[in-house]
Amino acid sequence: MIALGGIRKLHLDPTKPPVLDGISLKIAQGETCGLCGPGASGKSLLLKIICGLVRPESGTVEVAGADLFDSTADELRKVQSQIGYLFQNNALFDSMTVFENVAFPLRQRARLQHESIEEAALAERVGEALRGVGLATHIEKMPSQLSGGQRKRVALARAVVARPPLLIYDEPTAGLDPVTTAKVYDLLAAERELMQSTTLIVSSDLDALRRFASRMLMIYRGTLCYDGPAAEMADSPNPVVRQFVRGELEGPL
Amino acid sequence: MTTQRATSEPKTYLGHHAFDGARELGRIAALTFLGALRSRRPKGELVRQLYQVGNRSLLFVLVTLGFTGMVLVFQSCLQLSRVTGDLSQVGGEFIKYLIHEFGPSLTAMMLATRVGAGIAAEVGSMVVTEQVDALRMCGVEPVEYLLVPRFLATQVMTLTLAVFGVLSAVLMGAWTAHQTFHVPYSVFLDISKVRSTDVLTGVIKALAYGAAIPIVSGFCGLRTHGGSEGVGWATTRAVVSSSFAVIVLDFLISALALLTWQAH
Amino acid sequence: MTRALLALGTVVLSLCREIGGMALLGCYTLFELIRGRCDGRELVRNLYKMGVVSVPIVSLTALFTGGTMVIQSGIFVQRFQAYGLLGWGTGYAVLREVGPILIGLMFSGRVGANNAADLGSMVVTEQVDGLRALAIEPIPFLIVPRVLAMILAMFCLLVLGDAVAIAGGMVFGKLLLGVDFASFYASFVDAIKLWDLTVGLLKGTFFALMIALTSCHYGLAVKGGAVGVGHAVNDAVVAAALLIMVSDDIWTMVLR
């Protein structure tokens, strides 16, 4: 599903070392991967590179069989519309209602494929997605009228409404209280069961992440320092990984 | 090896960035023009932008241009009454100047601050809250979606507001001339000096400004990075760059008009 | 009818609040200035940030302004064959009206907007509250140096801008109209009095005060994150442009 080869992205400040320095990995169809690493290690950047939002200085990105940086703008758009992305800050369009926000990917996908979509069918699918996150009664509200957890759930509904084969979640639980966090993870698990899609998830909540994802990746100083089963992460031979997982103060980190 | 890297890299980096910026500006301009020609955007957004750009700047333009009209008429009457004392020509010349120079240019300077800053602030905060990335993930080209309606609205409204601005300046100028120098309204409001080339120059200027302001400030807005401070920076840059674009375009178009039409 | 009245009332009230806020800020600044409380290091830093850095944009603006003024006077000059009046027309327009206004507008865009954005993001990221917590008063530390720096920087930039605009007028007068430097200079020196320059500088300095007060006021009044900062910058430049245009009218009427 995803194949990265030698991704290298320089720091904006040229005197600093590159943010990502030669990252290669493959994620198979239907896999659930968790991505972690210390703050500002380039996790979000890697996600944006996978989606074709940021161009690396060198390296290849292949998503769903298409080389992202060797394709026309139209081809890139086609691949991007097959990815459901949950942004760190939700990125709800604040000039649109909740309904229009969730309907937006469906409308745009129809436009890209030159199809017309009936309003009734649209309302049906949007309603279904919003029922899935428990917000069916908030359809006409504006994003600014919602609480943080509600906004996160609307953003989740928008990410999954078009049934994308690849789902990417950037910090889905940052800034939420423990109960809401548990609720969001429940929803993510439900989506995964329903759609059997490939899932890539970044989170600083390492315990929840290791319960959710079967495979873990860790970035440190621009390179991939762990890639393996989630259960064995705490016993990794790499001292950096061990220290990070156990949250110890003493160590190389 | 390390010292060489430290000295050579920032330089190529800067050059690279200047080149990148120029190419990006060109890409945005081309996409905006193409998008404006195809224009498949829902009409609701265009109406909203027309309201944002036009109606909400109307009072601002009327007040500033009105006061400018007063100042210009006052100054020219004062100078002329010292030299010749014949004030019968002031109105005609003033209206002519207003149409081909001050009307469109000052309106555009005002719109560069109001509309340019507005576009950059709006687009910039959409960039830092990742809404622009979200648009792209839905398969939408942000330039086309965000800038085309603003471009069309600014294009239409710069011309419209310039007309209102000229009217406001003429009326306030006529009032000033009447009150302080006792020039009758019938003498002041003399449009016989206005030629078709003056009107054409004014319209060309308004159209050029109306294209430059949204493209330049949209470019500044889309290049925003880094939180609330970044939005502030982008807005500042948009005001300065679009005002400067207006001043340069004014000079170029005036020079061209002088060379083509006045020479004969 | 009641709704219209309500809307009008809201507008008037908010207008009063903004103007009152600016006047109050001006009084505080003056008060602190008289007591001599102004952070010296901040003043120097702001002078550099506002003055030195704006030199290129002000010079370029002035150059093109001088050129445009020559073209506009040129239309007259060609019609009446009055080549001897070009220096006077350009000089008078640049020194008294167009110079202060255009350089003022550019200054407002470059420095005023920047200042509002700077203060606004300090408010949003709670740095102003942080200063208070450290027992540093925001007005003498943040506002007084900025207001003072803006006025001083604008005065110097205006002198520079006037010179560049007149020089630009000479060059473009030669290139576009064929008026040689000597006759331009002669008519400039003959007709322009020191008073014209003084009026322009007085006006420009007053505009700088207006820019300083609007940008500090809107910057400190920011609410609500990145979107709020953008709005504050927008409001600050619009208010500054309005005040520049309106006060220019009053100055012109008063100082003939």
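Throughout, a chain's letter reflects where its sequence line sits, starting with A, and its residues are numbered from 1. Please read all numbers here as calculations on a predicted model, not as lab measurements.
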Using a cut-off of under 4.5 Å for heavy-atom pairs, which of C/Gln72, C/Met253, C/Arg110 has the most such pairs with chain B? C/Gln72
For chain B, which candidate among C/Val237, C/Val229, C/Asn114 shows the most heavy-atom pairs at distances under 4.5 Å? C/Asn114
Greatest number of heavy atom pairs closer than 4.5 Å to chain C - which of B/Thr235, B/Thr129, B/Thr180: B/Thr235
Under 4.5 Å from a heavy atom of chain B, the part of C/Met122 involved: neither
Quick one: what part of B/Thr113 sits under 4.5 Å from any heavy atom of chain C, side chain, backbone, both or neither? both
Has B/Ile191 got more than 12 heavy atoms of other residues, nucleotides or ligands less than 6.0 Å from its CD1? no
Tell me, yes or no, whether the heavy-atom count around B/Arg56 atom CZ, taken from other residues, nucleotides or ligands under 6.0 Å, exceeds 12. no
Looking at C/Leu176, C/Val246, C/Val233, which one has more heavy-atom pairs under 4.5 Å with chain B than the rest? C/Val246
Applying salt bridge (Lys or Arg N to Asp or Glu O under 4.0 Å), name anything that partners C/Asp196, two or more places apart in sequence or on another chain. C/Arg96
Less than 4.5 Å to any heavy atom of chain B: does that hold for the side chain of C/Val124, its backbone, both, or neither? side chain
Going through the distances and angles, do B/Glu101 and B/Lys96 end up as a salt bridge (Lys or Arg N to Asp or Glu O under 4.0 Å)? CA-CA 8 Å; B/Glu101 166 63 25; B/Lys96 182 182 156 80; over 6 Å; no
Are C/Phe206 and C/Trp251 an aromatic pair by the rule of ring centers under 6.0 Å? yes
Honestly, the part of B/Leu72 sitting under 4.5 Å from a heavy atom of chain C is neither
Residue pair C/Leu119 / C/Cys216, side-chain heavy-atom distance below 4.5 Å: yes
Heavy-atom distance under 4.5 Å to chain B: side chain of C/Leu242, backbone, both or neither? both
Assess, by modelled atom type and distance only, whether the side chains of B/Ser254 and B/Lys205 contain a donor and an acceptor separated by less than 3.5 Å. yes
Heavy-atom pairs under 4.5 Å with chain B - which of C/Leu105, C/Asp249, C/Leu102 has more of them than the others? C/Asp249
For C/Asp118, all residues meeting salt bridge (Lys or Arg N to Asp or Glu O under 4.0 Å), sequence neighbours excluded: C/Lys49, C/Arg146
Who passes salt bridge (Lys or Arg N to Asp or Glu O under 4.0 Å) against B/Glu93, sequence neighbours left out? C/Arg79
Given heavy-atom pairs under 4.5 angstrom as the criterion, report whether the side chain, backbone, both or neither of B/Phe74 touches chain C. side chain
Considering only heavy atoms, which portion of B/Met109 lies under 4.5 Å from any heavy atom of chain C: side chain, backbone, both, or neither? side chain
With a 4.5 Å heavy-atom cut-off, do B/Ser105 and B/Tyr209 have their side chains touching? yes
Side-chain donor/acceptor of B/Thr224 to backbone N/O of B/Ala234, under 3.5 Å: no
Pull out the residues in residues 55-63 of chain C that come under 4.5 Å of chain B, heavy atom to heavy atom, sorted by number. C/Ile57, C/Leu60, C/Thr61
Under 3.5 Å donor-acceptor, B/Ser81 side chain and B/Leu78 backbone: yes
Has the side chain of B/Asp198 got a donor or acceptor atom that lies under 3.5 Å from a matching backbone atom of B/Arg195? yes
Contacting region of B/Gln75 [heavy-atom separation from chain C under 4.5 Å]: side chain
Can you say whether B/Ser241 sits under 4.5 Å from chain C via the side chain, the backbone, both, or neither, judging by heavy atoms? neither
